[in-house]
**Q** 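Below is one structure. I have some questions about it.
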Amino acid sequence: MLIPHDTRIALDTVVDLVNTAPDDGTGGTGGTGGTRNGTSDGLGDIEALYGFVRSHNLSGVSELGRRDLRAVLDVRARFAEVFAAADARAAADLINRLVAGAGTTPQLTDHDGYDWHVHYFAPGASVADHLAADCGMALAFMVVAGEQERLRRCEAPDCGHAFVDLSRNRSRRYCDSRTCGNRLHVAAYRARRKEAAG
């Protein structure tokens, strides 16, 4: 599957955003409180939001306040719904509402050493609208390409992280094969050995 560079960056950003949410006890992510695997909400305060903006090189973001944090947490929850959508139609409805709410204004740009790409957020948009527009359009790309089922949650019982399955045959089951995947394979191997020995 060929994904444009800026779409791939936006997909990575939306996955990282969804995965900042704490565990809601169901293997998925919940609201704004609680913990995920022993850690607190990855966007628990404004400083964490600044960190997220810096680590994802979100352009055009300057001052952030409590209102921005609340808006981003709302966008995060709505993106989590997209990853939980039962089918492409449900995902499309959620994405359409997110993108429309952000007041998208597509424009070509070539900033910071990147070649020409499209920004979907209006100049001066809030960080929440920036994320809703750019990441929403990246998710829309997946739906249009007939690839909505690639928007997944890790199948490890104690994880539930979101990820985009970019494997050739759509067979990826874990957010990280080196951690969640290996851990479950080792547990299954030990269980088989114990059963064989018993």
Side-chain angles (χ1 to χ4, degrees), residues 3-24 28-36 39-85 90-144 148 151 153 161-164:
I3 300 175
H5 177 73
D6 52 320
T7 300
R8 179 60 193 265
I9 289 172
L11 287 171
D12 290 344
T13 300
V14 72
V15 164
D16 290 347
L17 178 63
V18 169
N19 289 337
T20 64
D23 189 353
D24 65 2
T29 54
T32 60
T35 61
R36 172 188 264 304
T39 61
S40 60
D41 190 322
L43 292 179
D45 57 29
I46 295 170
E47 195 54 43
L49 180 57
Y50 272 115
F52 185 87
V53 166
R54 280 190 302 271
S55 68
H56 291 84
N57 297 317
L58 299 182
S59 60
V61 177
S62 55
E63 291 298 312
L64 298 171
R66 302 250 6 121
R67 181 185 217 179
D68 294 300
L69 180 58
R70 284 190 301 274
V72 168
L73 294 178
D74 179 58
V75 166
R76 177 181 74 180
R78 294 195 284 152
F79 278 139
E81 292 176 21
V82 173
F83 276 84
D93 182 54
L94 293 163
I95 293 166
N96 283 340
R97 284 188 273 144
L98 262 166
V99 171
T104 56
T105 307
Q107 56 184 324
L108 288 165
T109 183
D110 66 343
H111 62 88
D112 299 326
Y114 292 105
D115 204 357
W116 289 106
H117 60 283
V118 179
H119 279 184
Y120 293 97
F121 57 93
S126 70
V127 66
D129 285 346
H130 178 139
L131 290 165
D134 268 7
C135 295
M137 291 306 296
L139 293 173
F141 173 87
M142 298 299 288
V143 173
V144 168
Q148 179 265 335
L151 306 177
R153 290 290 190 163
H161 271 125
F163 68 94
V164 178

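We're numbering straight along the sequence, starting at 1.
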**Q** Working note: Ile46 + Arg66, criterion side chain to side chain contact (heavy atoms under 4.5 Å, CB included); need CA distance, chi angles, decisive distance, verdict.
**A** CA-CA 7 Å; Ile46 295 170; Arg66 302 250 6 121; 3.8 Å; yes
**Q** Counting C-beta onward and ignoring hydrogens, is there a side-chain heavy-atom pair between Leu11 and Phe163 closer than 4.5 Å?
**A** no
**Q** Are the side chains of His117 and Thr109 in contact, using a 4.5 Å heavy-atom criterion?
**A** yes
**Q** Less than 4.5 Å apart, any side-chain heavy atom of Leu131 and any of Asp134?
**A** no
**Q** From Met137 CE over to His119 NE2, what is the distance, rounded to the nearest 0.5 angstrom?
**A** 13.5 Å
**Q** Tell me whether Ser55 contacts the main-chain N or O of Gly51 through its side chain, where contact means a donor paired with an acceptor under 3.5 Å.
**A** yes
**Q** Do we see a donor-acceptor contact under 3.5 Å between the side chains of Asp16 and His56?
**A** yes
**Q** Parallel under 30°, tilted from 30 to 60°, perpendicular over 60°: which one fits the rings of His130 and Phe121?
**A** parallel
**Q** Would you give the length of the straight line joining atom CG of Asp68 to atom CG of Asp129, rounded to the nearest 0.5 angstrom?
**A** 9.5 Å
**Q** Val127 and side chain to side chain contact (heavy atoms under 4.5 Å, CB included): which single residue from Val75, Leu58, Leu69 fits?
**A** Leu58
**Q** Which atoms form the tightest heavy-atom contact between Ala48 and Gly42, and what is the distance?
**A** CB-O, 3.4 Å
**Q** Taking the side chain as every heavy atom from C-beta outward, state whether Glu63 and Tyr50 have any atom pair closer than 4.5 Å.
**A** yes
**Q** List the atom of Ala85, the atom of Leu94, and the distance in Å for their closest heavy-atom pair.
**A** CB-CD1, 4.3 Å
**Q** Nearest 0.5 angstrom please: Met142 CE to Gln148 CD, how far?
**A** 9.0 Å
**Q** How close do Ala122 and Thr105 get, counting heavy atoms only, and between which atoms?
**A** CB-OG1, 3.5 Å
**Q** Looking only at non-hydrogen atoms, find the nearest pair between Val143 and Ala91 and report the distance.
**A** CG2-CB, 4.2 Å
**Q** Could you state the interatomic distance from CZ (Arg76) to OG1 (Thr20), rounded to the nearest 0.5 Å?
**A** 4.0 Å
**Q** So, do Phe52 and Thr13 sit near enough that their side-chain heavy atoms are less than 4.5 Å apart?
**A** yes
**Q** Side chains of Val14 and Leu139, heavy atoms from C-beta outward: is any pair under 4.5 Å?
**A** yes
**Q** Drop me the distance from His161's NE2 to Asn19's CG, to the nearest 0.5 angstrom.
**A** 4.0 Å
**Q** Quick check: do Asp93 and Glu81 have side-chain heavy atoms less than 4.5 Å from each other?
**A** no
**Q** Apply the test salt bridge (charged side-chain N to carboxylate O under 4.0 Å, His left out) to residues Asp74 and Arg70: give CA-CA distance (whole Å), side-chain angles for both, the deciding distance (0.1 Å), then the verdict.
**A** CA-CA 6 Å; Asp74 179 58; Arg70 284 190 301 274; over 6 Å; no
**Q** Using a 4.5 Å cut-off on heavy atoms from C-beta on, say whether the side chain of Leu43 contacts that of Leu17.
**A** yes
**Q** For the OH atom of Tyr120 and the CG atom of Asp6, what is their distance to the nearest 0.5 Å?
**A** 7.0 Å
